[in-house]
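Data block below; observations after.
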Amino acid sequence: MNPVFSLPEASTHAVRVDHIFYGLLVLTGLTMIAVFVLIVMLAVRYRRGSSAERGPLPEIVSREFEIGWTSATLFLFIFLFWWAASADLSGLSAPANALEMHVVAKQWMWKTQHSNGAREINALHVPVDQPVRLVMTSQDVIHSFFVPAFRVKQDVLPGRDTEIWFRATKTGVFPLLCAEYCGTDHSMMRGRIVVMRQEDYASWLDKQPEGDDLAHQGAQLFVAQGCSGCHADSSSVHAPKLTGLYGSTVQLSDGRQVKADDGYIRDSILQPKREVVAGYEPIMPVYAGLLDDGEVQGLTAYIRSLASPNRTQTDGAAK
Amino acid sequence: MTDALLTGDLPLPPRPDYLRHGVTLKSWLITTDHKRIAILYAITITIFFFMGGIAITLVRLELLTPNGWLLTSDTYNKLFSFHGIVMVWFFLVPSIPNTLGNFLLPLMIGAPDVAFPRLNLFSWYLTIAAGVLTVYALIAGGVDTGWTFYTPYSTMFSNSHVFAAASGVFVVGFASIATGVNFIATTHMLRAPGMTWFRLPLFVWAIYATSIVMVLATPVLAISLLLVIAERWLGLPIFNPANGGDPILFQHLFWFYSHPAVYIMVLPAMGVVSEIIPCFARRRIFGYDFMVYAMLVIAGIGFFVWGHHMFVSGQSPYANLIFSFLSFIIAVPSAIKVFNWTASLYRGQISFEAPMLYALGFVGLFTTGGLSGLFLASIPVDVHVTDTYFVVAHFHYIMVGGSVSAFFAGLHFWWPKITGKMYPESWSRFAAILMYAGFNMTFLPQFFAGYLGMPRRYHTYPPEFQIYNVMSSSGAAILALAYLLPLGYLAWSLYYGERAGKNPWGATGLEWTTFSPPPPKNFDWQPRVDRGPYDYHAEGQSAGLDPPEVQNARGVL
Amino acid sequence: MTDTSGLLREPWDNFERQRSAGKFGIWVFLASEVLFFGSLMLTYTVCRIDHPEAFAAAGRATNIWYGTINTAILLTSSLTMAVASQAATVGRVFRRLVIWCLAATASLGIAFLVVKAFEYKEDIEKHLVPSAGFALHDTGAQLFFGLYWLITGVHAVHLIIGIVLVSRLALLGYLQKLQIGEAPEIEVTALYWHLVDVIWIFLYPLIYLPGRAS
């Protein structure tokens, strides 16, 4: 298909978005035609000095008429809201079996990492027909991860993780663009999403240079940054133990209960005084400024890998 | 005194109109006459319009090829930023309110001036000071944050003149607030006897609604820019994530103003069109009451939809749904207005002078732009098209196809009243049609490019979008010509145009009862009002060919 | 009937209307000021919700004595301003009272600024200016103080404008150039002054009471 005139529908979501888009196009197109035709017809028929009938206005032209078309418009627009909103809601959270990948954006490039550690620059290989969840953060300004063929876009923020998920339905190479103005080379911050058949993806992944597995990296940092001193199972310091933590519910000292998801782990590392576990003192050192976002993602992956023997890992649903 | 003397049919002792009452530069620079201040503003915004236009001409030239050929990336980024800042704050926001609004508001309500004439002049000086700051930012090397100044780019990463540009916008915001206060007080306190609220022309209602938005929304813009300046210049960490700040907070503050700002830019345009269509169709406007309520509802709900600029910003899904819902709701009153303008043509006696061509063009282009807004209110579609040329096309249809068309409509309609001269009709009709064609050629391709995936603010772009960019740039050349034409023939008409009488269009409205151009105090007699605003014919009837019996004064001198 | 023709300005032909318009206009302007300070306070609120302990710790680092003294000063100044405004509506008979009260208001305003200057000096000495050597270590404490310096600075600018306006009126009154009893300027300025005071009443608990109130 000629890319000049059409955009592939390469994800499950794309089909849904296009349905709404074309539906709206038909509706708005008809409305525009109706308005234009009406204006032209009235302008011609009632041009000055024309022989069309003037005289007393017919009774239909009245307050009830106005209330009628106001209500009709209101109901139509509420219906459109409902239609669009349901499509939005159904696409909100990633399926539980989504493959997780990490993206770090910086001026002016995309750095991606697969869960086994394989890294790419300005490219992302993904398997077709498999949900993929991207956990993204920025190292500097706000960027935006935009794949037109998938109809997905999400701003990528500094100091925070944002997420996006998609399920590619076609193999091929699809453009990735930055969609939030980020400085001089904003328009060059482009990449490729390479969708491969699942077997091809598996073999591609195998062939990647042994970048440290993300969780492996995290394990090394865990020791190097001193976390193991308090948090290792063998430590005698009174600190929450991390085995089986990920995905469980945590009781906080202020009475609240929170889920130990990616955001909780990240905040506990960078701002440990914010949410203190019940029964513990707020004595954990603050790591904000000492670890970069990639390192935090590594530690999170490591903690996630510390599964309790009795618990399955699928609790880690999207934030 | 005879009636003839009262109506001006007998020669009064000669006295100069407002243009000739004092001919020194000083008399213009310390004037408190709202009509002269309107002229000062008109000259100012025209200069800014052409500055912003030159900036975007360079941008559109650059976009002829996918990889750039004329400008560096930094220069490109600075040019589109300058275009946005100047066009929004130094052209669109002041254009209709401060030129036509200033000139016409007192005349339409039968008052000799606005409530606070010296404040009015001060607003203009604030605009000039702000303009100096902004032009300084340009000359010193430009600002490259976009007109939206998003953090943390603007606070921590941009190497451009953010402080000067943000200060310029900060100052012009106060001009806006002062104008709003002035117009609200004027409308409340200076209406002529008999001019009840529901006898006000829709243009007055439009200016009134706009003024309320100006007064309440602009302070929030001031704060959002003050916070950026404080962080950047004084090192106070507000939006820096390393200090626990939230860059999205800036977006909330910025858009809390900037969404109502678009209604500041479009409500006055709607007011202008609501004056012109009844006049040239010789018909009472259809549904006057609903037109008033629609404008007030737009102004009100307009404060609660700002999050639709932030659907992909990381905002919560619940917030997204609320903003989406309200965005659909706010489309309803705009739709009502389009129906009513169309219905006002029914059984009219329509003629197609330039103001009417521009006004009908407004209805068409505003409808297109407004309908494209429905796409943007739908979250899944917006996620795809936000930050692409689809949005660029959407807001240009409304701002340029809408507000600028209406500005030209109003300029031509009231030109005889403001200057005492008629403009050349054939040239103006040609320019109106050329503008309509050039506009569509420029911006319609951008809807397609956006949907197909061309992001905005892109210096270079993937080659498959070239055809849309070439079409757009070609249209822009035609549009530029269409804007230069009025500059030419309107200037010509000042010297060689036919002299205009009090009411060359046979329009209703108090402004048409006084001389063209008006005397310094507007009316030689106290206007009194005894009928509604669009009394072109009897109620329940169709248009006739006789000129209306205009509401006028037979009052005491 | 007092002669107000000297006070009549364009475009008014009726002095009562001109007065009402002046008062109406200042109320509309005050609405914009509410949005102005309101958005600053909203920014503060959002940041505080994000960082409750940091804000509490930072709030404890402020000097509540200076803050409370300043609140007392400003509230008193509003009293003197209100007296001046009310006395002015009665007329010329209260001329001296009006001028004294205006002068007292301006002086109290200046006293506020003096106390504030001492407070700022102490804050600088205690390294409470957001920068590399910032005194507190909680993330978010710098945020509190960033907002502190900005909001109190903006408030101080408004106060200075108020002091100038009030001093001008006091001076004009003293020089017999102000038509007390008719001129709406005193009432208009009083409304502005009261707004500056009300804003401070909101700022006081936001700045001085976090971490101290419970």
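Because the structure is predicted, anything quoted here is derived from the model rather than measured. Below, chain A is the first sequence line, B the second, and so on; all start at residue 1. Just the heavy atoms: all of them, side chains too, but no hydrogens, waters or symmetry mates, feed the values below.
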(message) Rounded to the nearest 0.5 Å, what separates atom CD in Gln154(A) from atom OG in Ser313(B)?
(response) 7.5 Å
(request) Identify which of Ile78(A), Asp185(A), Thr28(A), Leu270(A) forms the greatest number of heavy-atom pairs closer than 4.5 Å to chain B. (result) Thr28(A)
(message) So for Phe390(B), is it side chain, backbone, both, or neither that comes closer than 4.5 Å to the heavy atoms of chain A?
(response) side chain
(request) Please determine, among Gln541(B), Met454(B), Glu464(B), the option with the most heavy-atom pairs under 4.5 Å with chain A. (result) Gln541(B)
(request) Working to the nearest 0.5 Å, report the span between CG of Leu326(B) and CZ of Phe81(A). (result) 8.5 Å
(message) Given 3.5 Å as the limit, does a donor-acceptor pair link the side chain of Arg47(A) with the main chain of Gly348(B), or not?
(response) no
(message) Between Gln349(B) and Gly49(A) (side chain of the first, backbone of the second, donor and acceptor by atom type, cut-off under 3.5 Å), is there such a pair?
(response) yes
(request) Determine the minimum heavy-atom distance between Val35(A) and Thr342(B), stating which atoms define it. (result) CG1-OG1, 4.5 Å
(message) For the interface with chain B, which of Pro148(A), Gly29(A), Ser144(A) has the highest count of heavy-atom pairs at distances below 4.5 Å?
(response) Pro148(A)
(request) Check whether Ile467(B) gets within reach of chain A through its side chain, its backbone, both or neither, counting any heavy atom under 4.5 Å. (result) side chain
(request) To the nearest 0.5 angstrom, please state how far the CD1 atom of Ile248(B) sits from the CZ atom of Arg160(A). (result) 6.0 Å
(message) Taking every non-hydrogen pair under 4.5 Å, which of Leu38(A), Thr73(A), Thr184(A), Val17(A) racks up the most with chain B?
(response) Thr184(A)
(request) Measure distances from Phe21(A) to the heavy atoms of chain B and classify the residue's part below 4.5 Å as side chain, backbone, both or neither. (result) both
(request) Give a yes or no answer on whether the side chain of Arg48(A) reaches the backbone of Phe280(B) with a donor-acceptor pair at less than 3.5 Å. (result) yes
(message) Is Ser372(B) in contact with chain A via its backbone, its side chain, both, or neither, using a 4.5 Å heavy-atom distance?
(response) neither
(message) Please confirm whether the ring centroid of Phe328(B) lies under 6.0 Å from the ring centroid of Phe79(A).
(response) no
(message) Is Ser158(B) close to chain A through its backbone or its side chain, or both, or neither, when contacts mean heavy atoms under 4.5 Å?
(response) neither
(message) Is Glu53(A) close to chain B through its backbone or its side chain, or both, or neither, when contacts mean heavy atoms under 4.5 Å?
(response) both
(request) Would you mind reporting whether Leu57(A) and Arg283(B) have side-chain heavy atoms less than 4.5 Å apart? (result) yes
(message) I need the residue from Pro380(B), Gly453(B), Gly370(B), Pro455(B) with the largest number of non-hydrogen atom pairs under 4.5 Å to chain A.
(response) Pro380(B)
(message) Which one wins on heavy-atom pair count under 4.5 Å against chain A: Phe448(B), Phe465(B), Phe352(B), Tyr76(B)?
(response) Phe352(B)
(request) Would you indicate whether the side-chain heavy atoms of Phe375(B) and Ile20(A) approach each other to under 4.5 Å? (result) no
(request) Calculate, to the nearest 0.5 Å, the distance between atoms CG and CZ belonging to Asp88(A) and Phe311(B) respectively. (result) 8.5 Å
(message) Quick check on the interface: out of Tyr451(B), Trp341(B), Tyr468(B), who has the most heavy-atom pairs with chain A under 4.5 Å?
(response) Tyr451(B)
(request) Below 4.5 Å from any heavy atom of chain B, which atoms of Phe5(A) appear? Answer side chain, backbone, both or neither. (result) both
(request) Find out whether Glu66(A) and Asp289(B) are in side-chain contact, i.e. whether some heavy atom of one side chain is under 4.5 Å from a heavy atom of the other. (result) no
(request) Select one option (side chain, backbone, both, neither) describing which atoms of Pro462(B) are under 4.5 Å from chain A's heavy atoms. (result) both
(request) With a 4.5 Å cut-off on heavy-atom pairs, point out which of Asn240(B), Asn77(B), Leu360(B) contacts chain A the most. (result) Asn77(B)
(request) Below 4.5 Å from any heavy atom of chain B, which atoms of Ala52(A) appear? Answer side chain, backbone, both or neither. (result) neither
(request) Name the region of Ile39(A), side chain, backbone, both or neither, that has any atom closer than 4.5 Å to a heavy atom of chain B. (result) both
(request) Let me know if Arg190(A) has heavy atoms under 4.5 Å from chain B in its side chain, its backbone, both or neither. (result) side chain
(message) To check you understand the geometry: which heavy-atom pair defines the closest contact between Ala343(B) and Trp69(A), and what is its length?
(response) CB-CH2, 4.1 Å
(message) What's the separation between atom CG in Leu80(A) and atom OG in Ser378(B), rounded to the nearest 0.5 Å?
(response) 6.5 Å
(message) Counting heavy-atom pairs closer than 4.5 Å to chain B, which one of Ala85(A), Gly183(A), Gly159(A) comes out on top?
(response) Gly183(A)
(message) Can you confirm whether Asp140(A) sits close enough to Phe157(B) that some side-chain heavy atom of one is under 4.5 Å from a side-chain heavy atom of the other?
(response) yes
(message) Please tell me whether Tyr181(A) and Trp147(B) form a close aromatic pair, meaning their ring centres lie under 6.0 Å apart.
(response) no
(request) Look at Ala331(B), Gly146(B), Ala335(B) and state which one has the largest set of heavy-atom pairs under 4.5 Å with chain A. (result) Ala331(B)
(request) Under the side chain to side chain contact (heavy atoms under 4.5 Å, CB included) rule, what do Leu89(A) and Leu321(B) come out as? Steps first, then yes or no, please. (result) CA-CA 9 Å; Leu89(A) 286 171; Leu321(B) 286 170; 3.8 Å; yes
(message) Heavy-atom cut-off 4.5 Å, strictly under: side chain, backbone, both or neither for Leu452(B) against chain A?
(response) both
(request) Tell me, with the steps shown, if His384(B) and Leu7(A) meet side chain to side chain contact (heavy atoms under 4.5 Å, CB included). (result) CA-CA 12 Å; His384(B) 176 55; Leu7(A) 186 65; 3.6 Å; yes
(message) Using side chain to side chain contact (heavy atoms under 4.5 Å, CB included), reason through Val385(B) and Arg151(A) one step at a time and then give a plain yes or no.
(response) CA-CA 8 Å; Val385(B) 298; Arg151(A) 314 290 186 278; over 6 Å; no
(request) State whether the side chain of Ser187(A) and the backbone N or O of Tyr458(B) hold a donor-acceptor pair below 3.5 Å, judged by distance alone. (result) no
(message) Report which part of Phe80(B) has an atom under 4.5 Å of a heavy atom belonging to chain A: side chain, backbone, both, or neither.
(response) side chain
(request) Report the C-alpha separation of Phe77(A) and Leu374(B) in whole Å, then their side-chain angles, then the decisive distance to 0.1 Å, and conclude whether the side chain to side chain contact (heavy atoms under 4.5 Å, CB included) test is met. (result) CA-CA 9 Å; Phe77(A) 287 176; Leu374(B) 291 176; 3.9 Å; yes
(request) Determine whether Pro158(A) and Pro247(B) make a side-chain contact, defined as any pair of heavy atoms from C-beta on separated by less than 4.5 Å. (result) yes
(message) Minimum heavy-atom separation for Tyr153(B) and Cys182(A), please, with both atom names.
(response) CE1-O, 3.7 Å
(message) Using every non-hydrogen atom in the two residues, find where Thr386(B) and Lys153(A) come nearest and quote the distance to one decimal.
(response) O-NZ, 2.6 Å
(request) Please round to the nearest 0.5 Å and tell me the distance separating atom CZ of Phe65(A) and atom CZ of Phe339(B). (result) 9.5 Å
